[in-house]
Protein chains: 2
Amino acid sequence: MENSDDWDPLRHPGHYFSRIARGLTRAGDARLRDLGFATAQLPVLTALKDGAELSQKELAKWAKVEQPTMAQMLSRMERDGLVQRAPDPEDKRSSLISLTDATLEKLPAGRAILRQGNSDMTKGLTEDEIETLVSLLRRVLENVDSMEP
Amino acid sequence: MENSDDWDPLRHPGHYFSRIARGLTRAGDARLRDLGFATAQLPVLTALKDGAELSQKELAKWAKVEQPTMAQMLSRMERDGLVQRAPDPEDKRSSLISLTDATLEKLPAGRAILRQGNSDMTKGLTEDEIETLVSLLRRVLENVDSMEP
DNA sequence: TCCTATTATATAGGAACCTATATAATTAAA
DNA sequence: TTTAATTATATAGGTTCCTATATAATAGGA
């Protein structure tokens, strides 16, 4: 089937994912900047929101990024006063990361921005459509995750 | 509505976009590596596939990335022998970029990989579901693009 | 116990993205 | 036509992501 135009990005979902992801990052970062947060940090914030202390390894797993990515991000977050590290009494290789008090205080504002972003992103979609979208995305993600080779 | 759990990423589409986009990039790059291509270069390859010569500006617009992003990518692509620059006879500030012969020869193989990726990504979805997905993505992208502030 | 394998972080190196700014060429305006 | 505004690239600086590899601490086995 030569006429299906594999080169036309508008016809395939693939194209949209990167553009939506980049757009969300840009808009989200702009909205979070005054709080000192960034979209990439959201998984860390949510994992530690109740005062939990987690290792770098656990945070990387939760955020679904590689360990060196999380290491760098935590360095920047520590540098910026968002998180603190305490030595893990049970393992001298590891430290336990937690949010600083200042960060904990800013969380509700971050949460509000997040809620607004979620609603802006789906503006004009009905609840049913959003549900359909999420369930399709879930299936695509599963395919993508098992696609690696 | 306190119980809607804004912090639960699985409930909102936002979470999925970054994971799907990163997964597609990783899998795509792995599959394209032997050809010497990368997923981020696909817009350039498709824009120039028929031997067209475009300026950096035009390529950036087509790929929907900022000009400095395209500048760096074209540098790498030139370094790797994928594209070549010719001075624009009508504007001394600008050059016209085109694919090298070696790249043109590898395009059909790249296209096959692309087709395979598109089909892997939507495995298990019916044609109707894919169409629904694309149309929802299109609407979300529109929202995201007008979200900036 | 002592040596080896595993595990938690750290570091090196690189791609792809961004914003802000500099430079040179072109266009428009006075 | 001479200056001022605009435009095309380039460069600087920074974040987020990746793979590959080094280092130190813990765990397991001989």
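We name chains A, B, ... by the order of the sequence lines, and we start the count at 1 in each one.
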Legend entry - Short side-chain donor-acceptor distance under 3.5 Å, A:Gln84 and A:Glu78: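 On atom types as modelled, these side chains do not qualify, holding no pair under 3.5 Å.
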May I have the distance from [X] (atom [atom1]) to [N] (atom [atom2]), rounded to whole angstrom?
| X | N | atom1 | atom2 | answer |
| --- | --- | --- | --- | --- |
| A:Gln56 | C:dT7 | CD | C1' | 12 Å |
| A:Leu59 | C:dA8 | CG | C1' | 13 Å |
| B:Arg19 | D:dC18 | CZ | P | 11 Å |
| B:Arg22 | D:dT15 | CZ | C1' | 14 Å |
| B:Lys92 | C:dT27 | NZ | P | 11 Å |
| A:Arg33 | D:dT16 | CZ | P | 12 Å |
| A:Leu42 | D:dT15 | CG | C1' | 14 Å |
| A:Asp88 | D:dT26 | CG | C1' | 12 Å |

Inset, instruction - In sequence, state the C-alpha distance, the side-chain angles, and the governing distance for B:Leu133 and A:Val140, and then conclude on side chain to side chain contact (heavy atoms under 4.5 Å, CB included). - result: CA-CA 10 Å; B:Leu133 175 60; A:Val140 170; 3.9 Å; yes
Legend entry - Minimum-distance nucleotide to A:Lys57 side chain [options: C:dA16, C:dA8, C:dC18]: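 Nearest listed nucleotide: C:dA8.
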Inset, instruction - Please determine, for the side chain of B:Pro68, which listed nucleotide (C:dT19, C:dC17, C:dA10) has the closest atom? - result: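 Nearest listed nucleotide: C:dT19.
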Inset, instruction - Drop me the distance from A:Leu137's CG to B:His15's NE2, to the nearest 0.5 angstrom. - result: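 If we round to the nearest 0.5 Å, A:Leu137:CG and B:His15:NE2 are 10.5 Å apart.
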Inset, instruction - Working to the nearest 0.5 Å, report the span between CG of A:Leu35 and CD1 of A:Ile113. - result: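 Here the interatomic distance stands at 4.5 Å.
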Inset, instruction - Identify, between B:Arg85 and A:Asp80, the residue whose nearest nucleotide on DNA chain D lies closer to the 5' end. - result: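 Nearest nucleotide further toward 5': that of B:Arg85.
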Inset, instruction - With DNA chain D as reference, determine whether B:Ala71 or A:Arg93 sits nearer its 5' end, using the nearest nucleotide of each. - result: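 The answer here is B:Ala71.
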Legend entry - 5'-most by nearest nucleotide on DNA chain C - B:Ala40 or A:Ser75: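 The residue closer to the strand's 5' end, by nearest nucleotide, is A:Ser75.
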Inset, instruction - Would you mind telling me which residue lines up with the more 5' stretch of DNA chain C, B:Gln67 or B:Arg79, judged by nearest nucleotide? - result: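 Result: B:Arg79.
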Using OP1 and OP2 only, check whether a side-chain N or O of [X] sits under 4.0 Å from [N].
| X | N | result |
| --- | --- | --- |
| A:Arg76 | D:dT15 | no |
| A:Arg26 | C:dT19 | yes |
| B:Ser94 | D:dT9 | yes |

Legend entry - A:Gln72 (side chain) and D:dC17 (base): donor-acceptor pair under 3.5 Å: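 It does, because a donor-acceptor pair links the side chain of A:Gln72 to the base of D:dC17 below 3.5 Å.
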Touch class at under 4.0 angstrom, heavy-atom based, for [X] against every strand present:
| X | value |
| --- | --- |
| B:Thr69 | base |
| B:Thr25 | nothing |
| A:Asp91 | sugar-phosphate |

Inset, instruction - From the options B:Gln56, B:Lys61, B:Gln72, select the one residue that forms a side chain to side chain donor-acceptor pair (under 3.5 Å) with B:Gln67. - result: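 Result for side chain to side chain donor-acceptor pair (under 3.5 Å) with B:Gln67: B:Gln56.
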Inset, instruction - For A:Met70 and A:Ala63, work out which heavy atoms get closest and say how close. - result: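 Nearest pair, atom of A:Met70 first, then A:Ala63: CE-CB, 3.7 Å.
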